[in-house]
Amino acid sequence: MSPTPARRSATRGPTRWVIGFFLALIGLYATLGARAWLRNQRTLEAIEALRLEVHEARTAADSCTADLALAESDLRGTDAAADSLRGAVERAEDTLPGGGRGVPAAEYEAYLEAFERYNDTVREWEARARELREHEERCRALIERHNALTDSLRGRLNDAGITLG
């Protein structure tokens, strides 16, 4: 008797094909899932970086605004000092009989000193006012940058489908 050749199972061929198909399908889903996860991670990282930039811009704008308030207060103090010295100068000047103004000779040295202090204070006031305008421009630029970054962040969140309640 001769050995009979082994018969191949009728189900073995298609089973391999079905298993291979499912393995390929699982690999495809895993690849697509990993790509989507990585894309989401990059989006979240970009949003977080932009959020930190907005926070830093807000801090800079708030700091500038606080410094601006102090500069305004200093300017008001200088303005009050100038007004006080102006009043002292005007009080020292008497009205003359012909309608003009003049300072009595005995008070002339004190008048000149007050007048010089007044002029110095006015120059100081002008310098502070100029600095204040420049400071205000810097603050405005920082606030505009913050607002632009905030708008950009809102757009990125909206594009990502993230809503803030």
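Side chain of Arg86 to main chain of Ala82: no donor-acceptor pair is present (N/O by atom type, distance under 3.5 Å, no hydrogens or angles). Checking side-chain atoms of Ser73 against main-chain N and O of Ala69 turns up no donor-acceptor pair under 3.5 Å. When atom types are taken as modelled, the side chain of His135 and the backbone of Cys64 share a donor-acceptor pair closer than 3.5 angstrom. When atom types are taken as modelled, the side chain of Ser84 and the backbone of Ala80 share no donor-acceptor pair closer than 3.5 angstrom.
The existence of a salt bridge linking Arg130 and Glu134 is excluded, since no basic side-chain nitrogen approaches an acidic carboxylate oxygen closer than 4.0 Å. For Glu144 and Arg140, the salt-bridge test fails: no basic side-chain N is under 4.0 Å from an acidic carboxylate O. Using a 4.0 Å cut-off between charged side-chain N and carboxylate O, Arg117 and Glu124 make no salt bridge. Between Arg76 and Asp79 there is no salt bridge, since no side-chain nitrogen of the basic residue lies less than 4.0 Å from a carboxylate oxygen of the acidic one. Between Arg123 and Asp120 a salt bridge is recorded (basic side-chain N to carboxylate O distance below 4.0 Å). A salt bridge links Glu48 to Arg51: one of the charged nitrogens lies within less than 4.0 Å of a carboxylate oxygen.
Interatomic distance, CG of Leu132 versus CD of Glu136, reported as 6.5 Å (0.5 Å rounding). The structure places CG of Asn147 at 12.5 Å from OG of Ser152, a figure rounded to the nearest 0.5 Å. Interatomic distance, CG of Leu50 versus CZ of Arg156, reported as 7.0 Å (0.5 Å rounding). Distance CG/Leu153 to NE2/His55: 13.0 Å, rounded to 0.5 Å. Annotation: the span from Glu90 atom CD to Asp83 atom CG amounts to 9.5 Å, rounded to 0.5 Å. For the atom pair CD1 (Ile26) and OG1 (Thr31), the distance works out to 11.5 Å, reported to the nearest 0.5 Å.
At a threshold of 4.5 Å between non-hydrogen side-chain atoms, the residues Arg154 and Asn158 do not count as touching. Between Leu157 and Thr163, the closest side-chain pair of non-hydrogen atoms is not below 4.5 Å.
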Test log, rule side-chain contact (heavy atoms from CB on, under 4.5 Å), inputs Leu44 and Ile162: CA-CA 10 Å; Leu44 290 175; Ile162 300 171; 4.3 Å; yes
Worked verdict on Leu38 versus Arg42 for side-chain contact (heavy atoms from CB on, under 4.5 Å): CA-CA 6 Å; Leu38 287 172; Arg42 283 192 298 269; 3.9 Å; yes
Intermediate values then yes/no, salt bridge (charged side-chain N to carboxylate O under 4.0 Å, His left out), Glu53 and Arg145: CA-CA 10 Å; Glu53 199 173 347; Arg145 179 176 182 273; 3.1 Å; yes
Test log, rule side-chain contact (heavy atoms from CB on, under 4.5 Å), inputs Ile143 and Thr65: CA-CA 9 Å; Ile143 291 168; Thr65 304; 4.2 Å; yes
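For the residue pair Leu142 and Ala60, the shortest heavy atom distance occurs at CD1-O, 3.8 Å. Minimum interatomic distance between Ala160 and Ile47 (heavy atoms only, all atoms of both residues): CB-CD1, 4.0 Å. The heavy-atom pair separating Leu149 from Ala57 by the smallest distance is CD1-CB, 3.8 Å.
Ring geometry for Trp17 against Phe21 counts as parallel: the plane angle stays under 30°, on a 0 to 90° scale with 60° as the upper cut.
Cluster annotation: Trp125 is connected to Leu68 through the hydrophobic network of ILVMFWY side chains, with a link wherever side-chain heavy atoms come within less than 4.5 Å. One hydrophobic cluster holds both Phe115 and Val103 under the rule that ILVMFWY side chains link at heavy-atom gaps under 4.5 Å.
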